[in-house]
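Computed from a predicted model, the values in this text were never measured in an experiment. What you see below is based on every heavy atom in this structure, not just the backbone, and it leaves out hydrogens, waters and symmetry mates.
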Amino acid sequence: MRDYVEIRGGSGLDPARMALAEDFCGTDSIPGKNALEVSCSNTAIRLVSSGDYENSVTFGMELLLEPTFLSLRCPDFHGLF
């Protein structure tokens with residue numbers, strides 16, 4: 001995989017030091033298909049690109065009030081739940 005998108009979470013702002021929640025590769029753009037629940041102080045959506053293709057990422061987000069299936073929970077997160 002040369003081109004992909006990473007979803008990461010952590011307490012700092014450096015994506016390299018955040019835990020990986022999921023990575024995606026492909027051209028499937030069905031809204032909500034790849035929904036994740038990340039309960040961390042910070043979340044990063046990172047496009048890793050080789051530069052060989054025209055890549056784009058579209059994402060949406062909402063406040064996580066009642067988690068049903070956490071993809072990533074940071075141990076130092078003190079949120080609503």
Side-chain angles (χ1 to χ4, degrees):
M1 291 191 309
R2 295 179 57 195
D3 295 27
Y4 58 96
V5 174
E6 294 178 335
I7 311 295
R8 294 181 166 269
S11 59
L13 296 176
D14 183 359
R17 300 186 69 152
M18 292 179 171
L20 179 66
E22 187 71 57
D23 59 359
F24 302 99
C25 180
T27 59
D28 194 358
S29 61
I30 299 171
K33 180 180 178 194
N34 298 322
L36 298 174
E37 294 182 0
V38 177
S39 67
C40 296
S41 299
N42 297 300
T43 303
I45 298 150
R46 180 176 174 236
L47 172 62
V48 179
S49 176
S50 64
D52 294 336
Y53 307 95
E54 280 191 40
N55 295 308
S56 67
V57 176
T58 303
F59 69 94
M61 58 185 280
E62 59 187 66
L63 186 60
L64 184 61
L65 296 175
E66 296 181 25
T68 55
F69 178 75
L70 286 174
S71 303
L72 177 64
R73 180 179 178 94
C74 293
D76 61 343
F77 183 72
H78 304 290
L80 301 172
F81 42 89

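L47 and Y53 are not part of a single hydrophobic cluster, where members link through side-chain heavy atoms under 4.5 Å apart. M61 and L72 fall within the same hydrophobic cluster, defined by Ile, Leu, Val, Met, Phe, Trp and Tyr side-chain heavy atoms under 4.5 Å apart, directly or through other members. Following chains of ILVMFWY side-chain contacts shorter than 4.5 Å, one can reach L36 starting from V57, so the two form part of one hydrophobic cluster. No path of Ile, Leu, Val, Met, Phe, Trp and Tyr side chains, each step under 4.5 Å between heavy atoms, connects I45 with L20, placing them in separate hydrophobic clusters.
Minimum heavy-atom separation, S50 to R2: CB-NH2, 3.4 Å. Contact detail for R46 and P15: the closest heavy-atom pair is CD-CB, 4.4 Å. When all heavy atoms are compared, the tightest approach of V38 to L64 is O-CD2, 4.0 Å. Across every non-hydrogen atom of M18 and R8, the tightest pair is O-NH1, 2.7 Å. Smallest separation of non-hydrogen atoms from S41 and S11: CB-CA, 4.2 Å. Here the shortest heavy-atom pairing between G12 and N42 reads O-ND2, 3.1 Å.
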